[in-house]
Amino acid sequence: MKVGIFGANGRMGRALIEAAHNNEDADIAHALVRESSSFKGIDAGQVAGIGNIDSALTTIKAIDELADVYIDFTLPEACMNNLAWCVENKKPVVIGTTGLSKEQLAKIDEAACQIPVVFAANMSVGVNLLVNLLKTTAKVMGQHSDIEIWEAHHRFKKDAPSGTALMLGKAIADELDRDLDKVSVYGREGDTGERDRETIGFATIRAGDIVGEHTALFADIGERIEITHKASSRLTFAKGAVRAAIWLKDKSTRLYDMQDVLGLKD
Ligand SMILES: NC(=O)C1=CN([C@@H]2O[C@H](COP(=O)(O)OP(=O)(O)OC[C@H]3O[C@@H](n4cnc5c(N)ncnc54)[C@H](OP(=O)(O)O)[C@@H]3O)[C@@H](O)[C@H]2O)C=CC1
Ligand SMILES: O=C(O)C1=N[C@H](C(=O)O)C[C@H](O)C1
């Protein structure tokens, strides 16, 4: 499977180069940077810190033969442009970009009527297993507990709460027949009053080089459960994304998520 990587000079872009290069079922067709990028022409392996791999960072305008599947871990504006390009060229795409608005999420839904798309705020096996554990916990304890989700990421992260935290919150809210838009509380300050049992609270930490940590708390009177996932390397997300790209190559047009890729759906 020939893969094209958007945003190849980014933190995730570099991890994707390494993950794709080390996966025997994937070949890097092109690692893409923006037209004005000073990284243009540099070997992708050098940028990823894995030594020369004979594939210079290039731009969308400079490529002739297209890849089988594309992967996008960029920022919302670039992600939308890349998605439109994939639709125009009828190419499947794996999207890991977070911080998308409701309108941008709707564009992904629209695109998935024309090309196969995997979209997931977290491509790690552990977090996708966590979703299932949280659904079970919500079923058993959710109606009686106070539910809070907190997440910690590196100082460079631009969106909050993380896409993963929102995804976990949505999974819990769906299980409890609650509308996340109505029950979410993003941070508290001042005279907040007593906690409303129906709410799902979110708290965000941004510090140093934390790769990504998420905890969901279900607290009743007398006991509580805390379930935590900690990522210690971006390679875990990148390997998941490459796995998703290989899986997506021959799939039919539709929107998939990482639970589909990993076969974790009931
Ligand atoms: N789903 C998952 O499992 C994971 C998702 N993420 C998400 O992936 C995204 C990227 O994260 P990260 O790699 O840390 O971010 P970086 O800031 O390191 O990388 C962003 C990349 O996007 C490119 N880019 C940004 N804006 C534009 C634009 N307007 N046009 C063209 N290229 C652009 C940047 O290029 P340039 O340098 O030229 O600006 C860079 O290559 C985030 O949304 C993050 O939350 C991260 C980890 C895991
Ligand atoms: O920006 C990051 O780094 C990460 N972003 C994703 C998110 O917003 O959930 C996934 C991961 O935790 C790392």
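Remember, predicted model here, so these are calculated numbers, not experimental data. First listed ligand is number 1; within each ligand, the first listed atom is number 1.
Short contacts between ligand 1 and Ala78, defined as distances under 4.0 Å to a heavy atom of the residue, involve ligand atoms 26 (N), 27 (C), 28 (C), 29 (N), 30 (N), 31 (C), 32 (N), 33 (C). Listed by number with element, the atoms of ligand 1 under 4.0 Å from a non-hydrogen atom of Gly7 are 41 (O). Shown in contact with Gly163 at under 4.0 Å from a heavy atom are these atoms of ligand 2, numbered in order with element: 7 (C), 8 (O), 9 (O). Set against the non-hydrogen atoms of Thr97, the atoms of ligand 1 under 4.0 Å away are 43 (O). Short contacts between ligand 1 and Lys157, defined as distances under 4.0 Å to a heavy atom of the residue, involve ligand atoms 45 (O). Per-residue contacts place Gly96 under 4.0 angstrom from the following atoms of ligand 1 (heavy atoms of the residue considered): 1 (N), 2 (C), 4 (C), 5 (C), 6 (N), 7 (C), 8 (O).
Annotation: cation-pi pair Lys249/Trp247 absent, no NZ/CZ under 6.0 Å from the ring centroid and within 45° of its normal.
In this structure a side-chain-to-backbone donor-acceptor pair under 3.5 Å is present from Asn23 to Asp25. At least one donor-acceptor pair closer than 3.5 Å links the side chain of Lys91 to the backbone N or O of Ala67. Between the side chain of Thr199 and the backbone N or O of Asp196, at least one donor-acceptor pair lies under 3.5 Å. Checking side-chain atoms of Asn89 against main-chain N and O of Trp85 turns up a donor-acceptor pair under 3.5 Å. Looking at Asp68, its side chain does come within 3.5 Å of a backbone N or O of Lys2 through a donor-acceptor pair.
Among protein heavy atoms, the minimum distance from atom 9 (O) of ligand 2 is reached at Thr164 OG1, 2.5 Å. Among protein heavy atoms, atom 14 (O) of ligand 1 sits closest to Arg11 NE, 3.0 Å. Of the protein's non-hydrogen atoms, the one nearest atom 4 (C) of ligand 1 is Phe73 CE2, 3.3 Å. The protein non-hydrogen atom at the shortest distance from atom 1 (O) of ligand 2 is Lys157 NZ, 2.9 Å. Of all protein heavy atoms, the one closest to atom 41 (O) of ligand 1 is Asn9 OD1, 2.8 Å. In terms of protein heavy-atom proximity, atom 12 (O) of ligand 2 is nearest to His153 NE2, 2.6 Å. Regarding atom 19 (O) of ligand 1, its nearest protein heavy-atom neighbour is Gly10 CA, 3.4 Å. With hydrogens left out, the protein atom closest to atom 42 (C) of ligand 1 is Thr74 O, 3.6 Å, a heavy atom. Looking only at protein heavy atoms, the nearest one to atom 26 (N) of ligand 1 is Arg34 NH2, 3.6 Å. Annotation: atom 47 (C) of ligand 1 to nearest protein heavy atom, Met12 CG, 3.5 Å.
Within the 4.0 Å heavy-atom shell around ligand 1 one does not find Arg14. Put simply, no part of Val33 is less than 4.0 Å from ligand 1, judged by heavy atoms. Using a 4.0 Å heavy-atom cutoff, Phe156 is absent from the residues neighbouring ligand 2. Using a non-hydrogen distance threshold of 4.0 Å, Ala120 registers as a contact of ligand 1. Residue-ligand proximity: Ala121 is placed with a non-hydrogen atom under 4.0 Å from ligand 1. Heavy atoms of Val211 approach ligand 2 to within less than 4.0 angstrom.
At a 4.0 Å heavy-atom cut-off, ligand 2 touches His154 through the side chain alone. With a 4.0 Å cut-off on non-hydrogen atoms, His214 touches ligand 2 through its side chain and not its backbone. Here Met123 has heavy atoms under 4.0 Å from ligand 1 in both its backbone and its side chain. When non-hydrogen atoms are compared, ligand 2 lies under 4.0 Å from the side chain of Thr98 (C-beta onward) but not from its backbone.
A salt bridge does not link Arg197 with Asp220: none of the charged nitrogens is closer than 4.0 Å to a carboxylate oxygen. Salt-bridge formation is detected for the pair Asp174/Lys170: a Lys NZ or Arg NE/NH1/NH2 atom is positioned less than 4.0 Å from an Asp or Glu carboxylate oxygen. A salt bridge is defined here as a Lys NZ or Arg NE, NH1 or NH2 lying under 4.0 Å from an Asp or Glu carboxylate O, and Glu148 with Arg188 meets this definition.
For atom 45 (O) of ligand 1, the nearest non-hydrogen atom from the set Leu32, Asn128, Leu100, Thr98 comes from Thr98. The residue from Ser162, Gly10, Ala121 that puts a heavy atom closest to atom 10 (C) of ligand 2 is Ala121.
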Report task. Step by step, work out the salt bridge (charged side-chain N to carboxylate O under 4.0 Å, His left out) result for Arg195 and Asp146. Result -> CA-CA 8 Å; Arg195 195 185 191 289; Asp146 300 323; 3.6 Å; yes

Requested in this report: Check the pair Glu35 / Thr59 against side chain to side chain donor-acceptor pair (under 3.5 Å), numbers first and verdict last.
Outcome: CA-CA 6 Å; Glu35 206 54 46; Thr59 67; 3.2 Å; yes

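Aromatic pair Tyr70/His30: centroids less than 6.0 angstrom apart.
Looking only at side-chain heavy atoms (C-beta outward), Met80 and Asp72 stay at 4.5 Å or farther from each other. Residues Asp257 and Lys265 have side chains in contact (heavy-atom distance under 4.5 Å, counting atoms from C-beta outward).
In this structure, CD1 in Ile50 is found 8.5 Å from CG in Asp43, a value given to the nearest 0.5 Å.
Checked options Lys230, Arg206, Lys157; the residue passing with Glu151 is Arg206 (criterion: salt bridge (Lys or Arg N to Asp or Glu O under 4.0 Å)).
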